There are 4 protein chains.
Amino acid sequence: MSESPEPEPVDGRAARAQQRRHQRRSEILAAATQVFREKGYHAASVGDIIEAARIARGTFYLYFNGKREIFTELASEFLSLIRGSVRKITLDPGAPPPIEQMRANFRRVMGTVLAHDDLATIMLRDPSEVDLEGRAQMQQFFDQVIGLIELAVRTGRSLGFARDCDDHIIAVSALGALREVLRRMLAARAEAARAEAEGLDVAPSRALLIDTERLADELVTFFVRGVFT
Amino acid sequence: MSESPEPEPVDGRAARAQQRRHQRRSEILAAATQVFREKGYHAASVGDIIEAARIARGTFYLYFNGKREIFTELASEFLSLIRGSVRKITLDPGAPPPIEQMRANFRRVMGTVLAHDDLATIMLRDPSEVDLEGRAQMQQFFDQVIGLIELAVRTGRSLGFARDCDDHIIAVSALGALREVLRRMLAARAEAARAEAEGLDVAPSRALLIDTERLADELVTFFVRGVFT
Amino acid sequence: MSESPEPEPVDGRAARAQQRRHQRRSEILAAATQVFREKGYHAASVGDIIEAARIARGTFYLYFNGKREIFTELASEFLSLIRGSVRKITLDPGAPPPIEQMRANFRRVMGTVLAHDDLATIMLRDPSEVDLEGRAQMQQFFDQVIGLIELAVRTGRSLGFARDCDDHIIAVSALGALREVLRRMLAARAEAARAEAEGLDVAPSRALLIDTERLADELVTFFVRGVFT
Amino acid sequence: MSESPEPEPVDGRAARAQQRRHQRRSEILAAATQVFREKGYHAASVGDIIEAARIARGTFYLYFNGKREIFTELASEFLSLIRGSVRKITLDPGAPPPIEQMRANFRRVMGTVLAHDDLATIMLRDPSEVDLEGRAQMQQFFDQVIGLIELAVRTGRSLGFARDCDDHIIAVSALGALREVLRRMLAARAEAARAEAEGLDVAPSRALLIDTERLADELVTFFVRGVFT
DNA sequence: CATGAATGAGCTTTCATTCAT
DNA sequence: CATGAATGAAAGCTCATTCAT
């Protein structure tokens, strides 16, 4: 835009450089996501990533400090996405009923997971696959999710909706159920995609391939009936 | 029986030898269990195992063909234990009500998991941590568990107890809930033990430290109310 | 034979023991021969040998100091056999003409090689396969053979039969020719045997499967007269 | 050709890089040749090679897939050299007499062997030292040589020069003679060199240390005329 | 900035040999 | 004598990371 030959070029150059740098980063992250999804964290090597990103070995270390760091970055990204999908349940007069808010949360999370299935596939795996640091990060995130659910249940009970139960156990159960369903939903979809690609019309575990809204509803119903009166 | 003075001692020697051999195997398996629990399958090296078992490198390969095989063996052991804890739900006239049978199953599984917490800690991790072969084995096991739960729900519905729902999704959810609860229960207990050992009286997530019967009951109630009418 | 209960039993026992010991040794040697033939010296492991001999690991070291020693023993045996097949050429009045004596030597060597084809197959391989010590032993033997041939040529020349040539080069050539022919003859026979065993009637390199007398004659003629007229 | 100031230096860099890469390869090959010559294929370890080449373990695997591959490469190189030294015998009017052509072939092969004595020392050993794949390669090469000699003999016979004999046996014999002579010639020269290096003037097997032309001639004469008159 | 050759610690596995039973 | 469990040195190979160009 700025054709001025000398005064601004420094800024312009710097900006362009930074932009290019950012784009490179994204490309590498995208490549790493693919690789991690296919091979898992451990089996994936830096060699796999640089091959997928079509960059030189050294370039990788120009953008990331190592395999762990790139994973940590992906984890952060995913956690942000999921956090962005969840709204705290409010009792404001004009707001929809709490259960509807919860249903909306489930739906949004599922939508986000589907929209970023590569990332989600990686992150829904057990944290034990990663090393200590990454593990802690994911642990913390899931703990927060549990906190949210506990809050929801407590809120429900204070309104006289929820039965008497151990909130923590219920929350852990709900998280576990959600994770397992999402995991298997992603696996089923991946397999269905693979089957279609190969021309086979094998339909594995049809139940998990229904549209996400119904899936979310089914989960919410299970959760609600289990907890609320 | 003994026609010559030799046969008995020979048998005796052979028997003792075989017994010692068996014991060594068990020792190595025990050491491997500890190592896998602490480091996870991937991070654990054969070197770690032989160090823990205090044997020479070669000795390990005298009893197992490699890291994968020893893991497979542990997996088989655990799967057998869990299978042994689950009874199919029967509608025989004299049998307890189905829900009680289910509750008993949950309790037995929890008891088994607690009794073999090292093994369970390893196996409740995501199968993705292991290589293809081991993964398939665990996948298959969990699929079977899902099948059992589906059957239970179908049975309940045929008796007019269960509401209309997608059996597969419910079963996946239940499995996920159970896994997550067990995982965190084991983690909580391990941490509590560690804290106690160090003299600290940090009490993390007290809810998961209650006695297993109540834990199982809580889970069953959640499951039952969610599904049954 | 001696039924006397006490006086001689010591000798008898000792003799019997020694005899058994000798037989064991032979069995192990036979097993090792088979193994070496099939796998070659390096690829053959002590494990292979004790498996073939159906003895325990320790037993092997009761009879031999190690892999090298058993090979050395086999080499000695083969060298003795070959030495026993060769007669020095004599100019005694009653003796057959020198060339006939040489032809007889070739024939006998070939017969011996055929009669001990396992051993011969191993030993006709290059000494480099074995370690330094064994190599030296075989080198020495072949040097002796070369000495014999040199002597024969010198003798022939002193009688006016042989042309002017470098005896050593001729002897080395003759030895090389003999070794190569024997090696390939054994290989051809082994393959023919294998083909027959499998029911196939593939006939590889027919020329080397003719009877040994003709093969020996062909070699001697080549040695004596060369190829061209 | 060059539209911008950059292209040349870039090419230059790439070219230099490739050149250096090629040189490294050659260095490793040279080191491996030395090691194989001294220890033989089996006894030589990758560790020996990297030590001789003064490179790190990983570097070796950057250039070769393993011990076998580097050996295969050396074998190919040697076989090419030898193939390049042999000309088919022609009956063209202007060509020298067949026997002279054969003598020239022998001389050229000997010259090549001497010029690449390390490589030749390794490759003249028995193929049995190498594993199956390398063995097949060498077997094939020697079979081709035999084919060439057979052709020469047949040609000679069609011209009325050669006597009636079994071509295959003659060819195998000639090959064996040549191999043994070359092998011992190389060994004698190596030992002579060693003796000289140590200041000793031990002269082992003088006959094989004569100039190659005379050695080749001696062999050809033996091949053509045999020994006796 | 980008490159990719180089590094070396670390892995799994094999195998000749010893020694208590 | 016979056994075979135990040993540990040493092999081949991988891969995250560095650094001179």
Side-chain angles (χ1 to χ4, degrees), chain A residues 17 20-21 24 42-50 54-70, chain B residues 9-10 12-14 16-18 20-21 23-25 28 42-50 53-69, chain C residues 17-18 20-21 24 42-50 54-70, chain D residues 9-10 12-14 16-18 20-21 23-25 42-50 53-69:
Chain A
R20 272 221 311 256
R21 185 173 165 79
R24 271 274 209 193
H42 264 106
S45 72
V46 174
D48 294 325
I49 296 173
I50 64 166
R54 295 164 137 295
I55 56 169
R57 277 200 116 69
T59 308
F60 176 83
Y61 289 90
L62 240 44
Y63 290 90
F64 301 95
N65 280 324
K67 196 168 89 160
R68 203 203 21 232
E69 195 184 279
I70 204 171
Chain B
V10 170
R13 226 185 259 172
R16 240 180 301 146
Q18 186 150 359
R20 274 224 312 255
R21 193 176 158 73
Q23 179 166 344
R24 262 285 207 204
R25 244 186 98 90
I28 299 175
H42 265 107
S45 73
V46 174
D48 294 325
I49 297 174
I50 65 167
R54 297 170 115 309
I55 56 170
R57 284 204 107 69
T59 308
F60 176 84
Y61 289 92
L62 230 49
Y63 290 90
F64 303 95
N65 283 324
K67 194 169 86 160
R68 208 211 4 242
E69 194 185 281
Chain C
Q18 186 148 0
R20 272 221 312 257
R21 185 171 165 79
R24 270 274 211 195
H42 265 106
S45 72
V46 174
D48 294 325
I49 297 173
I50 64 166
R54 295 165 136 293
I55 56 170
R57 278 201 115 68
T59 309
F60 176 83
Y61 289 91
L62 242 44
Y63 290 91
F64 301 95
N65 282 323
K67 197 167 89 162
R68 197 191 39 220
E69 196 185 278
I70 204 171
Chain D
V10 170
R13 227 185 258 170
R16 241 180 301 146
Q18 186 149 359
R20 274 225 310 258
R21 192 174 159 74
Q23 179 166 346
R24 262 286 207 203
R25 243 187 101 89
H42 264 107
S45 72
V46 174
D48 294 326
I49 296 173
I50 66 168
R54 293 161 132 301
I55 56 171
R57 282 204 110 68
T59 308
F60 176 83
Y61 289 92
L62 230 50
Y63 290 90
F64 302 96
N65 282 324
K67 196 168 85 160
R68 197 193 36 222
E69 196 186 278

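Note that the structure is a prediction, hence the values are computed from the model and not measured. Numbered from 1 within each chain, the chains take letters A, B, ... in sequence-line order. Worth knowing before you read on, the calculation uses all heavy atoms, side chains too, and leaves out hydrogens, waters and symmetry mates.
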J.: List in chain and number order the residues that pass side-chain contact (heavy atoms from CB on, under 4.5 Å) with Arg68(D), two or more places apart in sequence or in another chain; answer none if no residue qualifies.
T.: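 For Arg68(D), the residues satisfying side-chain contact (heavy atoms from CB on, under 4.5 Å) (neighbours in sequence not counted) are Tyr41(D), Thr72(D), Asp131(D), Glu133(D).
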J.: Please figure out whether Val46(D) or Arg21(C) has its closest DNA chain F nucleotide nearer the 5' end.
T.: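 This one resolves to Arg21(C).
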J.: Find which nucleotide of DNA chain E each of Arg24(A) and Ser45(B) is nearest to by heavy atoms, and output the residue with the more 5' nucleotide.
T.: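 Closer to the 5' end of DNA chain E: Arg24(A).
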J.: Of all the base pairs, Watson-Crick or G-U under 3.5 Å, which form stems of three or more consecutive pairs involving DNA chain E?
T.: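 DNA chain E forms these stems: E:2-21 with F:2-21.
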J.: Holding to side-chain hydrogen bond (donor to acceptor under 3.5 Å, both in side chains), I want the full list of residues that pass it with Ser45(C), two or more places apart in sequence or in another chain.
T.: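 Ser45(C) satisfies side-chain hydrogen bond (donor to acceptor under 3.5 Å, both in side chains) with Asp48(C) only.
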J.: Under the side-chain contact (heavy atoms from CB on, under 4.5 Å) rule, collect the residues that match up with Arg25(B), sequence neighbours excluded.
T.: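 Here the qualifying residues are Tyr63(B), Phe64(B), Glu73(B).
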J.: Taking side-chain hydrogen bond (donor to acceptor under 3.5 Å, both in side chains) as the test, write out the residues that go with Gln23(B), two or more places apart.
T.: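 Counting only residues at least two positions away or on another chain, Gln23(B) forms a side-chain hydrogen bond (donor to acceptor under 3.5 Å, both in side chains) with Glu27(B).
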J.: If you assign Leu62(D) and Tyr63(B) each to the DNA chain F nucleotide with the nearest heavy atom, which residue ends up on the more 5' nucleotide?
T.: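 Checking each residue's closest nucleotide, the 5'-ward one belongs to Tyr63(B).
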J.: Base, sugar-phosphate alone, or nothing: which one does Phe64(D) contact when heavy atoms must sit under 4.0 Å apart?
T.: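 If one applies the 4.0 Å heavy-atom cut-off, Phe64(D) turns out to touch nothing in the nucleic acid.
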J.: Using whole Å, report how far CD of Gln18(B) lies from C1' of dT3(F).
T.: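 My rounded result for the distance is 15 Å.
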J.: Closest nucleotide of DNA chain E for Ala17(A) versus for Arg20(B): which of these residues is on the 5' side?
T.: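 Checking each residue's closest nucleotide, the 5'-ward one belongs to Ala17(A).
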J.: Heavy-atom contacts under 4.0 Å between residues 53-61 of chain B and DNA chain E, which residues?
T.: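 Of all residues in residues 53-61 of chain B, the ones placing a heavy atom under 4.0 Å from DNA chain E are Arg57(B), Gly58(B), Tyr61(B).
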